[in-house]
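So that the names make sense, note that chain A is the first sequence line, chain B the second, and so on, each numbered from 1. Any value given below was found using the heavy atoms of this structure, including those in side chains, with hydrogens, waters and symmetry copies removed.
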Amino acid sequence: MCGRYSITDPNKAIQRLFGYDGSVLNWPPMFNIAPTADVPIVIRGGNPEGGKPRALVRARWGLIPSWAKDVKIGAKMINARSETIAEKPSFHVAWKKRRCLIAADGFYEWGRDGDRNIPYRVAYEDERPFAFAGLWERWDGPEGPVRSCAIITVSANTILAPIHHRMPVIIDPKNFERWLGIEDGPDDDLHALLSSREIKGFRPYQVSERVNRVQNNDREILAPVVA
DNA sequence: CCAGACGTTGTT
DNA sequence: GTCTGG
DNA sequence: CCAGACGTTGTT
DNA sequence: GTCTGG
């Protein structure tokens, strides 16, 4: 699963991942991102610097379906299972029309050791940024429209299985256009993107339990601790 | 037909 | 909105 | 995901 | 235990 993640340099990550200047949103470093936080995502739309039609926007983490009566439902919709995403009423429309990429440079998983939960950070060895496969939705609330998103999950691969049985889907940069729907393709192709479960070069390492508290949002959160 | 749910995770 | 249960 | 709250009444 | 907030 994926219930916390990080983007330590959002502007640089946008540049490296998507090849355009994302500094307009001027995002601060986020070491400990929790559900309901506003996060930067990339969707179809616009034409940044004359390139592919993509738009960098902010969205609340936790998908709020269009029919929701309250934003609170979003807190339960932080992940969407790839196995059932096409059938679930809450995700079906977004699956067809509103896929997104969620910029990150690490995510956190809690493993279990007896009665203790041990936090790990999972990131590329060289700390390069990557993108989760996501869905987004627009909800018209009493205080105007709210954009929200969810991270898609699959069963854990061999690297992560010892820690946890679910993990987020990472989309390879060469598949960004296919995923966003900028290039046409049948739905089977989309499922193929979700089923790769490839996270070559990823490395999980134990971190301090300080990450448990969402208020702890500082660079020390990233530091490895000795088991 | 209308009413009511609509999600994931982990744990038992 | 759309699907399921009754 | 984890942490932390979880209630009503009456009075100021 | 279960829900809310972050």
| Can you check the A:I85 CD1 to B:dT9 P distance for me, whole Å? | 11 Å
| query | Rounded to the Å, how far apart are A:E87 CD and B:dC6 P? | reply | 16 Å
Under 4.0 angstrom between [X] side-chain N/O and [N] OP1 or OP2:
X      : N      : value
A:R166 : B:dT9  : yes
A:R81  : B:dT9  : yes
A:T153 : B:dT9  : yes
A:S66  : C:dT2  : no
A:N117 : D:dC2  : yes
A:R112 : B:dT11 : yes
A:T36  : E:dG5  : no

| request: Answer with base, sugar-phosphate or nothing: what part of the nucleic acid does A:A37 contact at a heavy-atom distance below 4.0 Å? | output: nothing
| Nearest-Å distance once atom C1' is located in both E:dG6 and B:dC2 | 38 Å
| task | Just jot down the ring-ring contact (aromatic ring centres under 6.0 Å, His included) partners of A:F18, sequence neighbours excluded, or say none. | result | A:F176
| said: I'd like to know if A:E127 pairs up with A:K12 as an ion pair, taking the criterion as any Lys NZ or Arg NE/NH1/NH2 lying under 4.0 Å from an Asp or Glu carboxylate oxygen. | reply: no
| A:Y108 and A:Y5: aromatic ring centres closer than 6.0 Å? | no
